[in-house]
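To start, the structure itself, in structure tokens.
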Amino acid sequence: MKHILLTLMTTVLAACAHAPDNLPGTVDGEVFYVQRMALPPTATLEVTLQDVSLADAPAQTLASQKGPIKNQVPLPFHLTYDQKQIQQGHTYAVSARIEVDGKLLMISTERYTVDLTLEEKPPVKIRLNPAR
């Protein structure tokens with residue numbers, strides 16, 4: 001009986017050891033573009049973290065950051081997401097866009113995949129291209 005109770009308590013303690021899963025996950029990086037131009041004062045940056053696993057369904061947004069641009073490039077970003085939403089085998093990507101007065105000025109045109117299973121994720125550098 002003591003053995004069963006000890007095994008049960010060990011299992012409960014082991015389950016509690018996974019408390020870091022309750023902490024929010026983060027993705028950091030910077031957005032840049034190579035065109036030599038200053039952004040207008042009304043420019044806004046939006047960076048989004050999405051689950052892009054399903055080809056025939058809209059991507060699910062896990063986190064986004066949107067706001068006025070106060071400096072010139074590179075533009076830092078910090079996304080916080082709920083780790084409980086991460087699913088094994090899914091693909092996650094970060095994208096960015098700059099708008100001026102609600103009109104698209106620049107956008108990321110490549111996929112910037114992030115591995116959300118890593119405890120320490122490398123910073124993501126997102127290159128933007130002019131919208132056409």
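Small disclaimer: the values here were computed from a predicted structure and weren't measured.
The side-chain hydrogen bond (donor to acceptor under 3.5 Å, both in side chains) test applied to Q87 returns H90, not counting sequence neighbours. By the side-chain hydrogen bond (donor to acceptor under 3.5 Å, both in side chains) test, T91 is found to be paired with no residue, residues two or more places apart in sequence or in another chain being considered.
Between the side chain of K103 and the backbone N or O of V100, no donor-acceptor pair lies under 3.5 Å. The backbone N or O of R127 lies less than 3.5 Å from a partner atom in the side chain of Y112, making a donor-acceptor pair. Q65 contributes a side-chain N or O that, together with a main-chain N or O of H78, makes up a donor-acceptor pair within less than 3.5 Å. Checked by atom type and distance alone, the side chain of Y33 pairs as donor or acceptor with a backbone atom of M37 at under 3.5 Å. Judged purely by atom type and a 3.5 angstrom limit, Q72 uses its side chain to pair as donor or acceptor with the backbone of L39.
Shown here for G29 and P123, the closest heavy-atom pair between the two residues is CA-CB, 4.2 Å. Nearest heavy-atom pair, P74 versus P76, reported as atom, atom and distance to 0.1 Å: O-CD, 3.6 Å.
With hydrophobic clusters built from ILVMFWY side chains whose heavy atoms lie under 4.5 angstrom apart, L45 does not share a cluster with I107. A single hydrophobic cluster is not seen to contain both V47 and V52; linkage of ILVMFWY side chains at heavy-atom distances under 4.5 Å, directly or through other members, places them apart.
You'll find the side chain of R97 reaches within 4.5 Å of the side chain of L104, heavy atoms only. Within the 4.5 Å cutoff, no side-chain heavy atoms of L128 are placed close to those of F32. With a 4.5 Å cut-off on side-chain heavy atoms, Y92 and V27 do not count as touching. Put simply, the side chain of D28 does not reach to within 4.5 Å of the side chain of V124, judged on heavy atoms.
Counting heavy-atom neighbours within 6.0 Å of E110 CD, excluding the residue itself, gives a total of 12 or less.
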Report task. Let me see the working for V94 and T48 under side chain to side chain contact (heavy atoms under 4.5 Å, CB included), right down to the final yes or no. Result -> CA-CA 6 Å; V94 180; T48 307; over 6 Å; no

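Residue Y81 holds its OH atom at 5.0 Å from CD1 of I86, rounded to the nearest 0.5 Å. Distance check, rounded to the nearest 0.5 Å: CD of Q83 to OG1 of T117 gives 10.5 Å. The CG atom of L49 sits 5.0 Å away from the CG atom of L62 when rounded to the nearest 0.5 Å. Atom CD in Q50 sits 9.0 Å away from atom OG in S64 (nearest 0.5 Å). Atoms OG1 and CD1, from T42 and I69 in turn, are 9.5 Å apart once rounded to the nearest 0.5 Å. A distance of 8.5 Å separates CG in D115 from NZ in K121, rounded to the nearest 0.5 Å.
With no hydrogens or angles considered, no side-chain donor-acceptor pair links T44 and E99 at under 3.5 Å.
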